[in-house]
There are 2 protein chains.
Amino acid sequence: MRATRQGDAVSAALAEVDAFTSAQDLHARLRDMGQAVGLTTVYRHLQVLADRGEVDVLRRDDGETLYRRCTTDNHHHHLVCRHCGRTVEVEGPEIEAWTDRVAAAAGFTDVAHTLEIYGTCTDCAADPG
Amino acid sequence: MRATRQGDAVSAALAEVDAFTSAQDLHARLRDMGQAVGLTTVYRHLQVLADRGEVDVLRRDDGETLYRRCTTDNHHHHLVCRHCGRTVEVEGPEIEAWTDRVAAAAGFTDVAHTLEIYGTCTDCAADPG
DNA sequence: GCCGATAATGAAAACGATTGTCAATCCTCC
DNA sequence: GGAGGATTGACAATCGTTTTCATTATCGGC
């Protein structure tokens, strides 16, 4: 992919945000930064980054898709604040072992899993605004 | 909620399907059964059943929402065939303990989690058509 | 068994996130 | 400094889902 102002801007915006963020939110954030990028283009870059495994993808209950640049390349899960989106990455080898064991017991192959933990972070618990 | 032909039909259709099923799929299934129910009505009943905890809800990667009448009322997870939707319910007390422990360590409160396991069931592995 | 209040239905329109279209624009390599 | 091909972005289209609202059906009271 070519280096473009828009691509760089999307990557930079992602790097600045710790929380899981939607495409629309990033679009607005870029506009506010004076780095306006078309919404379509934001979606496109997010898709490419997701395909490459450079961002993690999460789907909110209401259907909006959230993206986040994670710090580790290892398989991990997320502890996500349901108010502000702030996220802690967690690893749990015992979880992987458990899911593999359960799936094998049922005769399932080609196994993958999704696990996300939702809660209220300390900041949001202190300031429920 | 009043007893209606449509409500009964939706519940009956759900009872007949083992797999996680979409609203649109149920709608078509009902029509084929000669028990046609408006799509809007199917959505409405599914929403009510989901709110009551009588059906479990799952979101597919493409955004479609899937529903399933589960056999246990206990908190459990799903081992879902990504080809046919056939589902095995699994419980994992150690998972609950782990997520609670991890969340507490990070200071998160009001914790919940989602965990689904996806794979290929024995039937679909035998007949990849 | 009938009636009326009111809940349920469903066709069509609205909605919202996302994706496709396509002409204009921008990189990159020569 | 082009030429050529990828990238952009305004707009329209898509698709699952929800809302609207006039019509229909249910059920408690008579």
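A note on names: the letters A, B, ... follow the listed sequences, proteins ahead of strands, and every chain is numbered from 1.
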- prompt: Is the count of non-hydrogen atoms from other residues, nucleotides or ligands lying under 6.0 Å from Asp61(A) atom CG greater than 12?
  reply: no
message: If you count every heavy atom of other residues, nucleotides or ligands that lies below 6.0 Å from Asp32(A) atom CG, does the total exceed 12?
response: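 Yes - once you tally the heavy atoms of other residues, nucleotides and ligands closer than 6.0 Å, there are more than 12.
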Hey, is the side chain of [X] poking within less than 4.0 Å of OP1 or OP2 on [N], counting only N and O atoms?
X: Gln6(B); N: dA8(C); answer: no
X: Tyr43(A); N: dT19(C); answer: no
X: His27(B); N: dG10(C); answer: no
X: His45(B); N: dA8(C); answer: no
X: Thr41(B); N: dA8(C); answer: no
X: Gln47(A); N: dT19(C); answer: yes

message: Would you say the ring centers of Tyr118(B) and His78(B) fall short of 6.0 Å from each other?
response: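 So the answer is no for these two rings.
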- request: Verify whether the ring centers belonging to His77(A) and His113(A) lie closer than 6.0 Å.
  value: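 Yes, ring centres under 6.0 Å apart.
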Rounded to whole Å, please give me the gap between [atom1] in [X] and [atom2] in [N].
X: Leu39(B); N: dA11(C); atom1: CG; atom2: P; result: 9 Å
X: Glu64(A); N: dT19(C); atom1: CD; atom2: C1'; result: 16 Å
X: Met1(B); N: dT9(C); atom1: CE; atom2: C1'; result: 10 Å
X: Arg59(A); N: dA17(C); atom1: CZ; atom2: C1'; result: 9 Å
X: Asp51(A); N: dT19(C); atom1: CG; atom2: P; result: 10 Å
X: Leu46(A); N: dG9(D); atom1: CG; atom2: P; result: 14 Å
X: Asp61(B); N: dC15(D); atom1: CG; atom2: C1'; result: 16 Å

- prompt: Hey, which of Glu54(A), Gln6(A), Arg69(A) is the one that makes side-chain contact (heavy atoms from CB on, under 4.5 Å) with Ser11(A)?
  reply: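 For Ser11(A), the side-chain contact (heavy atoms from CB on, under 4.5 Å) test succeeds with only one of Glu54(A), Gln6(A), Arg69(A), which is Arg69(A).
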- prompt: Which part of the nucleic acid does Ser22(A) contact within heavy-atom distance under 4.0 Å: base, sugar-phosphate only, or nothing?
  reply: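 Ser22(A): no heavy atom of the nucleic acid under 4.0 Å.
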With distance as the sole criterion, is a donor-acceptor pair present between the side chains of [X] and [Y] under 3.5 Å?
X: Tyr67(B); Y: Gln47(B); answer: no
X: His76(A); Y: Asp56(A); answer: yes
X: Glu89(B); Y: Thr72(B); answer: no

field: Residue met sooner reading DNA chain C from 5', once Arg44(B) and Arg5(A) are mapped to nucleotides
entry: Arg44(B)
- request: Identify, between Thr65(A) and Val37(B), the residue whose nearest nucleotide on DNA chain C lies closer to the 5' end.
  value: Val37(B)
- prompt: Do the side chain of Thr40(A) and the base of dG20(C) come within less than 3.5 angstrom through a donor-acceptor pair of N or O atoms?
  reply: yes
- prompt: Given that Ala3(B) and Leu66(B) both sit by DNA chain D, which one's nearest nucleotide is further toward the 5' end?
  reply: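 Nearer the 5' end of the strand: Leu66(B).
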End-to-end axis angle, where each axis spans five pairs of the helix from dG1(C)-dC30(D) to dC30(C)-dG1(D), to 10°: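 For the helix from dG1(C)-dC30(D) to dC30(C)-dG1(D), the axes at opposite ends meet at about 30°.
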query: Taking the side chain of Gln24(A) as heavy atoms from C-beta outward, which of dT17(D), dA17(C), dT9(C) is closest to it?
result: dA17(C)
